[in-house]
Amino acid sequence: MREVKNIPENSGTQARIEQKALSAKNLLGISQLSAEEIHLILYTARSFEEISTRAIKKVPTLRGRTIVNLFYEPSTRTRTSFELAGKRLSADVINISTKTSAVAKGEGLKDMALTLQAMGIDVVVIRHSVAGAPYMMARWTEARIINAGDGAHEHPTQALLDLYTIQSRLGRLKDLHILVVGDILHSRVARSNILALTKMKAKVTIVGPPTLIPMDIKKMGVEVSCDFDEVIPQADVIYLLRLQLERQKQNFFPSLREYASLFGFNKARLDKTKNNVLVMHPGPLNRGIEISSEVADIAQNIITEQVTSGIAVRMAVLYLLFGGASDIAEAAG
Ligand code: NCD
């Protein structure tokens, strides 16, 4: 696997940065973004990446703004990443855990939205098990809403950080061949990545057992394969997904052992790849199921780079949702 970090010359589209802000005030899904806007976010993130390498990792861009992390589902990476992104932009960041808040007393989403609205919150970063919850939140409050994962629907900032990582390593997105492997049916990460990668003109092949591939997936502009070994040698990127067992309401394959033998990424499969292939995973990893422990250790530097990229990408999203509130040179300089 390639160690060199390229600084990309372009995003894979010929888009020029004419736009300085996103057209919408919320980031609800990749489906709402144009290729130019994706390019703008990735380009802006590159300016913010440097801040996280400084001894004092802070710029005043969002001073006086308040961000609430409202997570109705468990999270380590995404919640911490949004918290760090907000703090590095000097915003005040509050975490609401549904276990210790009035949600545990039965408070619904609408009343939560109205409560946050009454407190003058500027941004709500929301994760919810119900697809569409961030859209409802956006109707009930004037705060800017960022979708941090809604059911099996979308997880836009995960896809953006994945694209950022691919572009950093391989210098482009256009015409790369990306395999997205595993539980496509229940994965919001897969959906957002397919939308983002196809908008940036990458070639995407979905790989998994037929029971975990949505029937009409080809309409999203992807190829489908149920034979992982056959497509491995063509891949520039192998993107592995966790089996979303918490969302599976029936048995989709005979056993975890069989799944691992057909779709688990192991050393024998790694040996069939191009020598500069990127092996990626959004985390959390289930070692021994979608990825063997040995390969997980080999791929670790890219998987942790995804996590690092996440902070810069989320800083860029926050900055752009405020209309690029200050000059980027001043913000990042
Ligand atoms: C993903 C999620 O929550 O959808 N994780 C993440 O945000 N890093 C993927 C997963 O849980 O498998």
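Side chains are part of it too, since the values below use all heavy atoms of this structure and drop only hydrogens, waters and symmetry mates. In listed order, ligands and their atoms are each counted from 1.
A distance-only check finds no donor-acceptor pair linking the side chain of Ser192 to the backbone of Val189 [under 3.5 Å]. The backbone N or O of Lys87 sits less than 3.5 Å from a side-chain atom of Lys58, completing a donor-acceptor pair. Not a single donor-acceptor pair under 3.5 Å links the side chain of Thr53 to the backbone N or O of Glu49. Under a 3.5 Å cut-off, the side chain of Gln32 and the backbone N or O of Asn26 do form a donor-acceptor pair.
In this structure, atom 8 (N) of ligand 1 lies nearest to the protein heavy atom Pro282 O, 3.0 Å. The protein heavy atom nearest to atom 11 (O) of ligand 1 is Arg242 NH2, 2.9 Å. Here the protein heavy atom with the shortest distance to atom 7 (O) of ligand 1 is His155 NE2, 2.7 Å. Here the heavy atom of the protein found nearest to atom 9 (C) of ligand 1 is Gly283 O, 3.5 Å. Of the protein's non-hydrogen atoms, the one nearest atom 4 (O) of ligand 1 is Arg188 NE, 2.7 Å.
Enclosure of atom CE in Met220 by more than 12 non-hydrogen atoms of other residues, nucleotides or ligands within 6.0 angstrom is indicated.
Taking distance alone, with nitrogen or oxygen atoms compared against 3.5 Å, Pro284 stays at or beyond that limit from ligand 1.
Comment: Asp175 does not engage Lys203 in a salt bridge, judged by the lack of any side-chain N to carboxylate O separation of less than 4.0 angstrom. Between Arg269 and Glu294 there is no salt bridge, since none of the side-chain N atoms of the basic residue sits less than 4.0 Å from a carboxylate O of the acidic one.
In summary, the atoms of ligand 1 found under 4.0 Å from a heavy atom of Gln158, numbered by their order in the structure, are 6 (C), 7 (O), 8 (N). Residue contact check: Val189 has heavy atoms under 4.0 Å from atoms 1 (C), 4 (O), 9 (C) of ligand 1.
Contact annotation: Glu73 has no heavy atom less than 4.0 Å from any atom of ligand 1.
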